[in-house]
Amino acid sequence: MGSGTPSKQYDPGPVEERWREYWNQLDLFHAGQDLSKPPFCIVIPPPNVTGSLHIGHALNNTLQDILVRWKRMDGYDALWMPGTDHAGIATQNVIERQLHSEGLSRESLGREQFVVRIWKWKQEVGGTIIRQLKRLGASCDWKRERFTMDEGLSRAVLEVFVRLHEDGLLYRAERQVNWCPRCETALSDIEVVHEEREGKLWHILYPFADDSAGGLIVATTRPETMLADTAVAVNPEDERYVGAVGKTVILPLVGRRIPVIADSYVSREFGTGALKVTPGHDPNDYEIGRRHGLPIINALDSKGNLSQKFLVDDAGKPLDSPAARYVGLDRYEARRQIVEDLREEGLLVKEEAYRHAVGHCYRCQTPIEPFLTPQWFVRMSPLAGPAIQVVEEGQVQIIPETWKNTYFEWMRNIRDWCISRQIWWGHRIPAWYCLSCNKDRLVRTYSAATSEGRGSEHITFLPDAVPIVARQAPQTCPRCGSSQIEQDPDVLDTWFSSALWPFSTLGWPEPTADLKRYYPTDVLVTSFDILFFWVARMIMMGLKFMGDIPFRQVYIHALVRDAEGQKMSKSRGNVIDPLEVMERTGTDAFRFTLAAFAAQGRDILLSEERIEGYRHFCNKLWNASRFTLMNLDGEAAAGAPPSREEMDLAERWILSRLSAVVENTRQSLDSYKFNEAAGQLYQFVWHEFCDWYLEMAKPRLAQSSPERQTSRQILQEVLDAALRLLHPFMPFITEEIWSHMPGSRQSIATAPYPKASEWVRDPEAESKMNLIMEAVGGVRTIRGEIGMPTGKRVSALIRAKDPEAVQILEAHQRSIALLAGLEKLETGVSVQRPRGAATAVLPDMEVYVPLLGLIDFQEEKQRLEKEIRKVQADLEFIARKLANPNFPDRAPADIVQKEKEAQQALLDKRGRLEQALHRVMENLED
RNA sequence: GGGCGGAUAGCUCAGUUGGGAGAGCGCAGCCCUUACAAGGCUGAGGUCACAGGUUCGAUCCCUGUUCCGCCUACCA
């Protein structure tokens with residue numbers, strides 16, 4: 001910029017490229033280089049290694065970057081710990097899709113090769129999101145980048161698992177868990193997304209087994225599960241069914257005899273009041289089954305297809321049934337077939353539309369199946385207690401506070417966490433089984449050799465198998481000495497490792513210097529949708545294993561939606577691709593937009609047009625800087641800082657405003673009000689610095705001006721401060737401009753963040769300046785309203801309220817004339833309005849612009865009348881208020897005083913407007 | 001079913017010790033003014049969702065209603 005002709009338009013592309021490179025080379029964001037500084041630490045919410053940057057990441061990381069850059073400039077040893085997580089199910093799905101397209105499967109590859117393949121893929125593609133974060137300008141400490149499957153983090157996972165087990169907080173048990181038949185794994189409760197769906201409620205007749213006529217009619221939304229029914233239940237208080245309890249019914253299609261039982265769980269109001277009981281496929285039915293000792297039939301296999309296990313009689317003996325034809329069908333195909341068959345047999349009594357919530361896999365949207373399998377669980381309530389307490393007591397502060405309720409609600413009703421996953425990508429559970437000790441507690445299955453791979457043996461350990469949990473694989477069984485030992489095939493929930501992130505990334509379980517220095521971290525920035533998944537679990541694990549909270553504050557930001565308020569999703573096709581936006585409008589404009597919209601407690605509705613406005617802001621800043629640099633002409637404005645006496649009004653004013661905006665910005669950032677901070681800076685740069693200060697500085701900057709040097713100093717000082725204030729929001733453009741500022745050093749990223757005390761608040765300058773702005777505004781309004789060409793010079797007269805105002809106006813005649821486009825200005829307390837002039841009535845003055853022959857006085861008359869009406873309305877309102885005897889009695893004195901003054905001012909204004917109107921009438925009469 | 005949030009200019013949104021509401025975009029008018037037309041100046045545009053209550057005074061606090069989001073939940 002310093003050499004050649006700088007472009008009038010800011011071109012972000014090459015600039016961003018260059019600075020990214022530069023920051024990287026300088027290691028500017030590497031923490032721990034100066035231990036004398038106080039530490040400040042944020043850990044990134046690790047994005048999925050499979051992921052690519054979406055708008056939510058962009059917001060989340062922009063806000064973190066603002067905080068980190070701010071703190072770094074403000075003298076902290078700022079560590080922003082980056083990394084990714086291995087996203088077990090999601091990543092496995094990606095690779096499986098790849099294999100599928102190659103005509104392969106993970107089974108044909110085998111576990112070991114499959115995992116090798118994922119690692120290879122991770123090395124090649126897994127860096128995408130990290131590159132994109134760098135593109136966004138994220139000032140992470142990239143040298144410290146971690147991955148949840150790293151050796152170190154894996155050690156942390158192992159250690160935590162073993163210790164939890166030692167402390168009795170882990171157990172393995174057979175429970176009905178949420179099962180995704182597509183991913184073929186268990187999920188935790190919060191990984192199930194409930195969605196309302198249009199379904200059907202089918203009423204089915206189960207005939208009595210004895211010869212008596214009729215039977216019971218049950219209602220169900222899932223007729224295919226009837227194959228696994230082991231009872232029909234009614235409410236014990238239900239008079240309709242008193243005779244039925246104890247009887248037996250014949251399960252249609254299957255032919256199994258099942259009992260009618262009484263259980264108070266059954267609602268008399270719902271459906272027919274009779275409930276088919278399927279302990280194998282419904283959590284409530286499972287409980288009923290336990291209460292009544294009912295057999296449990298698992299009619300589905302892990303893929304959601306019908307197995308043959310339902311072909312049993314009431315004694316559990318194989319049953320020869322026509323229902324055998326359903327074996328092998330997919331659960332929905334089976335449903336369709338069964339409904340059809342029931343209808344044919346005349347057992348389908350009714351079919352009605354019914355809307356109900358269905359659980360879906362959050363990874364693949366497949367409807368969840370309640371599925372009875374042995375799984376590992378973490379006992380949560382002992383961990384939840386302390387985690388609730390630290391939030392209650394404010395050791396961990398949740399911002400905005402409203403999310404505390406959500407947190408408490410979940411934590412107080414927390415259920416045990418199913419952490420085992422039946423997939424291959426992830427941390428293998430450190431539990432082993434002795435094949436000899438458990439020989440009666442395992443099931444061996446064999447898959448046949450196929451064209452695509454060898455056959456293999458699969459061993460499933462039954463719920464009562466005895467595990468050996470250890471940090472290292474045992475060579476022999478500690479009980480029987482056998483070396484026939486097999487590791488648990490399951491891996492851990494990805495969130496299990498994420499829960500350790502704030503300390504595992506810092507080196508735990510080793511007592512590292514980083515851990516000592518940066519833990520607890522200062523703030524976690526995230527969105528509410530992972531409050532349970534991640535935030536709550538980090539607090540629990542931090543307290544358990546570090547004995548301390550993982551972070552002092554949690555800032556929960558909004559969710560980004562599209563302009564219609566819809567959640568952005570690929571299927572809706574309404575995603576805004578942040579990379580595309582950055583490409584087109586520049587990263588800084590995009591970041592500034594996100595910050596400006598990040599008001600607390602509300603979602604962000606983003607559309608691309610809104611980013612445009614902030615692109616313009618970048619350009620404005622660019623051009624103001626161009627102007628400044630042109631005037632500095634490559635040399636630092638030398639000399640001692642100008643004294644107050646050397647400065648003119650505009651200079652004192654802009655420094656006073658700067659001091660105010662610094663203070664406000666800091667306050668806003670301190671309380672995570674990013675939108676306020678962005679708004680204040682925008683207002684300051686555009687509407688104070690550019691609109692007023694720069695315009696008033698122009699004459700003083702002229703080559704011939706004796707004040708030129710002072711002006712240059714102030715100009716440089718203010719722009720420099722503004723750039724530093726803006727840097728956390730707009731790192732690239734500020735770095736670019738700053739680098740061209742005379743005397744700038746290494747990088748603006750390490751320049752000090754401005755402090756309000758560096759400049760003085762100058763109320764006198766501010767109030768005098770307001771007078772100037774009032775005068776200029778008055779002339780401009782008249783010009784604007786009568787549509788006078790901007791270039792046309794006119795003269796103006798100002799009658800000021802008091803001599804002091806006259807003095808100020810006269811002292812700044814030159815500025816006023818320049819800004820208002822005047823060739824002549826006359827000021828005084830008793831200036832008379834010339835004939836044929838338009839009038840602006842202002843609080844401290846009246847402005848007259850003689851326009852004889854230029855103005856339609858009829859219009860001027862209407863304008864004045866309109867304003868009188870406005871003033872009149874205000875006066876009536878205020879008069880009513882003052883007329884209320886209670887008002888002066890009960891309202892605070894200063895408020896009453898203020899109202900009285902306002903009334904006086906309005907009366908005064910009305911009088912002056914009426915006079916102006918009166919004179920216009922005279923013109924009309926001429 | 002339970003809980004949380006929202007309703008303010010044409011659009012998107014700000015607005016805390018309660019004292020007659022602001023911004024950006026859009027719109028209209030005038031201007032290529034030597035940093036910037038991605039610009040400058042000016043203007044129009046509001047029953048602060050509705051109904052009550054508290055108060056001298058309510059966009060703001062309380063209650064209810066309507067509409068819209070979201071979270072959560074084992075009546076099939």
Side-chain angles (χ1 to χ4, degrees), chain A residues 6 8-10 176 190 194 201 218-222 225 233 265-272 274-278 282-287 354 356-357 359 370 402-403 405-406 409-410 413 528-529 531-532 559 561 563 565-567 585 589 596-597 599 601-607 609-610 612-631 675-676 679 682-683 690-691 694-695 698 776-777 780-792 818-821 873-874 877-878 881-882 884-892 894-896 898-899 902:
Chain A
K8 285 169 142 187
Q9 292 184 2
Y10 173 58
Q176 208 167 50
I190 51 178
H194 292 271
L201 192 60
V218 301
T220 180
T221 55
R222 303 200 53 199
T225 63
Y265 167 78
V266 182
S267 155
R268 279 174 284 179
E269 288 74 36
F270 190 89
T272 58
L275 170 71
K276 64 189 269 311
V277 182
T278 323
D282 181 281
N284 297 311
D285 294 9
Y286 180 74
E287 289 307 315
Y354 185 67
H356 63 136
T402 165
W403 291 107
N405 294 330
T406 313
E409 172 67 18
W410 189 66
N413 299 299
F528 68 84
D529 51 350
L531 188 59
F532 308 146
L559 214 62
R561 301 173 186 280
Q566 298 278 315
K567 201 167 175 171
T585 65
F597 276 93
R602 206 197 267 238
D603 291 339
I604 299 177
L605 275 62
L606 191 71
S607 76
E609 298 90 74
R610 277 163 224 154
E612 277 299 297
Y614 293 103
R615 187 171 138 241
H616 297 175
F617 178 59
C618 290
N619 204 48
K620 190 71 180 177
L621 179 66
W622 178 256
N623 279 295
S625 304
R626 233 159 48 94
F627 174 81
T628 303
L629 291 165
M630 274 165 48
N631 277 288
N675 60 318
E676 273 185 7
Y682 182 96
Q683 168 72 22
C690 292
D691 286 352
L694 285 188
E695 293 307 323
K698 280 175 183 175
V776 172
R780 283 174 172 175
T781 300
I782 291 169
R783 299 179 69 115
E785 291 202 334
I786 64 167
M788 174 187 292
T790 313
K792 175 126 183 119
L818 182 76
L819 292 167
D874 287 350
F877 179 83
I878 226 167
K881 181 183 268 192
L882 287 166
N884 183 337
N886 286 324
F887 177 69
D889 284 358
R890 304 194 195 175
D894 58 320
I895 295 289
V896 176
K898 224 175 89 186
E899 292 294 330

Task: Side chain A:D282, main chain A:V277, donor-acceptor under 3.5 Å - done: no

Open item on the list: In whole Å, measure the gap between the C1' atoms of B:G22 and B:C71 for me.
Closed with: 32 Å

TODO: Under 4.0 Å between any heavy atoms, over every strand shown, what does A:R780 touch: base, sugar-phosphate, or nothing? Just pick one.
DONE: sugar-phosphate

- [ ] Would you indicate, yes or no, if B:A76 has its OP1 or OP2 atom less than 4.0 angstrom from a side-chain nitrogen or oxygen of A:Y354?
- [x] yes

Open item on the list: Counting the atoms with a prime plus P, OP1 and OP2 as sugar-phosphate, which does A:D691 contact under 4.0 Å by heavy atoms, base, sugar-phosphate, or nothing?
Closed with: sugar-phosphate

Open item on the list: Tell me the interatomic distance from A:F887, atom CZ, to B:G18, atom C1', rounded to whole angstroms.
Closed with: 12 Å

Task: 4.5 Å side-chain heavy-atom contact, A:T406 and A:L531 - done: yes

Open item on the list: Considering every strand and a 4.0 Å limit on heavy-atom distances, what is the contact class for A:K898: base, sugar-phosphate, or nothing?
Closed with: sugar-phosphate

TODO: For A:L694, answer base if it contacts any base atom (sugar-phosphate contacts may also be present), sugar-phosphate if it contacts only those atoms, and nothing otherwise; contact means non-hydrogen atoms under 4.0 Å.
DONE: base

TODO: Specify whether A:Y354 and A:F270 have parallel, tilted or perpendicular ring planes, treating 30° as the upper limit for parallel and 60° as the lower limit for perpendicular.
DONE: perpendicular

Task: A:R783 to A:A820 - nearest heavy-atom pair and separation - done: NH1-O, 3.2 Å

Open item on the list: In terms of relative ring orientation, are A:Y682 and A:F617 parallel, tilted or perpendicular, with 30° and 60° separating the classes?
Closed with: tilted

- [ ] Ignoring backbone atoms, test whether A:K698 places a side-chain nitrogen or oxygen under 4.0 Å from the OP1 or OP2 oxygen of B:A35.
- [x] yes

TODO: Name the nucleic acid region contacted by A:Q176, choosing base, sugar-phosphate or nothing; use a 4.0 angstrom heavy-atom cut-off, strictly under.
DONE: nothing

Task: Heavy-atom side-chain proximity of A:L201 to A:H356 below 4.5 angstrom - done: no

TODO: Give A:C618 one of three labels, base, sugar-phosphate or nothing, depending on what nucleic acid heavy atoms sit under 4.0 Å from its own.
DONE: nothing

Open item on the list: Any strand counts, and the cut-off is 3.5 Å on both contacts for Watson-Crick or G-U wobble. Which nucleotide pairs with B:G46?
Closed with: none

- [ ] Describe the nucleic acid contact of A:Y265 in one word from base, sugar-phosphate, nothing, applying a heavy-atom distance below 4.0 Å.
- [x] base

TODO: Looking only at non-hydrogen atoms, find the nearest pair between A:F887 and A:K881 and report the distance.
DONE: CB-O, 3.5 Å

- [ ] Would you kindly check if the NZ (Lys) or CZ (Arg) of A:K698 is within the cone defined by 45 degrees around the ring axis of A:F627 and under 6.0 Å from the six-membered ring centre?
- [x] yes

TODO: For B:G5 and B:G57, measure between their P atoms and round to the nearest Å.
DONE: 28 Å

TODO: Answer yes or no: does a side-chain N or O of A:T406 lie under 4.0 Å from OP1 or OP2 of B:G3?
DONE: no

TODO: Report yes or no: does A:R626 contribute a side-chain atom to a donor-acceptor pair with the main-chain N or O of A:Q9 at less than 3.5 Å?
DONE: no

TODO: Looking at every strand, decide which applies to A:N884 at a 4.0 Å heavy-atom threshold: base, sugar-phosphate, or nothing.
DONE: sugar-phosphate

Task: Most 5' of A:N619 and A:G613 on RNA chain B, judged by nearest nucleotide - done: A:G613

Open item on the list: Nearest whole Å is fine: how far is B:G1 P from A:E269 CD?
Closed with: 15 Å

Open item on the list: I want to check one thing: is the phosphate of B:G40, taken as OP1 and OP2, less than 4.0 Å away from some side-chain N or O of A:K620?
Closed with: yes

TODO: Round to the nearest Å and state the distance from A:L621 atom CG to B:G39 atom P.
DONE: 13 Å

Task: A:P370 versus A:R222, closest heavy-atom pair with distance - done: CD-NH1, 4.0 Å

- [ ] State the pairing partner of B:C25; accept Watson-Crick or G-U wobble contacts with both distances under 3.5 Å, and report none otherwise.
- [x] B:G10

TODO: Whole angstrom is fine here: how far is it from CZ in A:F528 over to P in B:C70?
DONE: 9 Å

Task: Residue matched to B:C60 through Watson-Crick or wobble contacts both under 3.5 angstrom - done: none

Open item on the list: Measuring from the side chain of A:N675 (C-beta onward, heavy atoms only), which nucleotide among B:A14, B:U55, B:G19 has the closest atom?
Closed with: B:A14

TODO: Sticking with atom C1', work out how far B:A28 lies from B:U34, rounded to a whole angstrom.
DONE: 29 Å

TODO: Report the distance from atom CD1 of A:I190 to atom P of B:U72, rounded to the nearest whole Å.
DONE: 9 Å

TODO: Determine the interatomic distance between P on B:C36 and the same-named atom on B:C30; round to the nearest Å.
DONE: 23 Å

- [ ] Using atom OH of A:Y614 as one end and atom P of B:C13 as the other, report the distance to the nearest whole Å.
- [x] 13 Å

Open item on the list: In this structure, how many angstroms lie between the C1' atom of B:U17 and the CG atom of A:D894, rounded?
Closed with: 13 Å

Task: Base B:C36 to side chain A:K8, donor-acceptor N/O within 3.5 Å cut-off - done: no

- [ ] Could you pick out which residue, A:K881 or A:A274, lies toward the 5' side of RNA chain B when each is mapped onto its nearest nucleotide?
- [x] A:K881

TODO: Look at the side chain of A:A891 and decide which nucleotide, out of B:C36, B:G24, B:C56, has an atom nearest to it.
DONE: B:C56

Task: Selection from B:G5, B:G19, B:C36 that lies nearest to any side-chain heavy atom of A:T402 - done: B:G5

Open item on the list: Quick check: any donor-acceptor pair below 3.5 Å linking the side-chain of A:E409 to the base of B:A73?
Closed with: no

TODO: Indicate, with a heavy-atom threshold strictly under 4.0 Å, whether A:S267 touches base, sugar-phosphate, or nothing.
DONE: base

- [ ] Counting heavy atoms from C-beta on, name the nucleotide in B:C75, B:G19, B:A38 closest to the side chain of A:F270.
- [x] B:C75

- [ ] Give one of base, sugar-phosphate or nothing for A:Y10, where a contact means two heavy atoms less than 4.0 Å apart.
- [x] base

- [ ] Hunt down the Watson-Crick or G-U wobble partner of B:U54, both distances under 3.5 Å, from any strand shown, or write none.
- [x] none

TODO: Among B:C56, B:A35, B:A76, find the nucleotide with the atom closest to the side chain of A:E695.
DONE: B:A35

- [ ] Between B:A73, B:U55, B:G19, spot the one nearest the side chain of A:H194, thanks.
- [x] B:A73

TODO: Would you mind reading off the distance between A:R890 atom CZ and B:G19 atom P, rounded to a whole angstrom?
DONE: 19 Å

Open item on the list: When both hydrogen-bonding distances must be under 3.5 Å and the geometry is Watson-Crick or G-U wobble, what is B:C4 paired with, if anything?
Closed with: B:G69

Task: Euclidean distance for C1', B:A14 against B:C75 (whole angstrom) - done: 45 Å

TODO: For A:P892, report the nucleic acid contact type (base, sugar-phosphate, nothing); a contact means any heavy atom under 4.0 Å.
DONE: base

Task: B:A23 versus B:C62 - spacing of their P atoms, nearest Å - done: 28 Å

Open item on the list: So, does A:H616 get its side chain near the phosphate of B:G39, meaning an N or O under 4.0 Å from OP1 or OP2?
Closed with: yes

Task: Sugar-phosphate, base or nothing in reach of A:V896, heavy atoms under 4.0 Å - done: nothing

- [ ] Go ahead and name the base partner of B:C30; Watson-Crick or wobble counts if both distances stay under 3.5 Å, otherwise write none.
- [x] B:G40

Task: Gap in Å between the two C1' atoms, one belonging to B:C50 and one to B:G39, rounded - done: 44 Å

Task: B:G15 to B:G19 separation - P atoms, rounded to the nearest Å - done: 15 Å

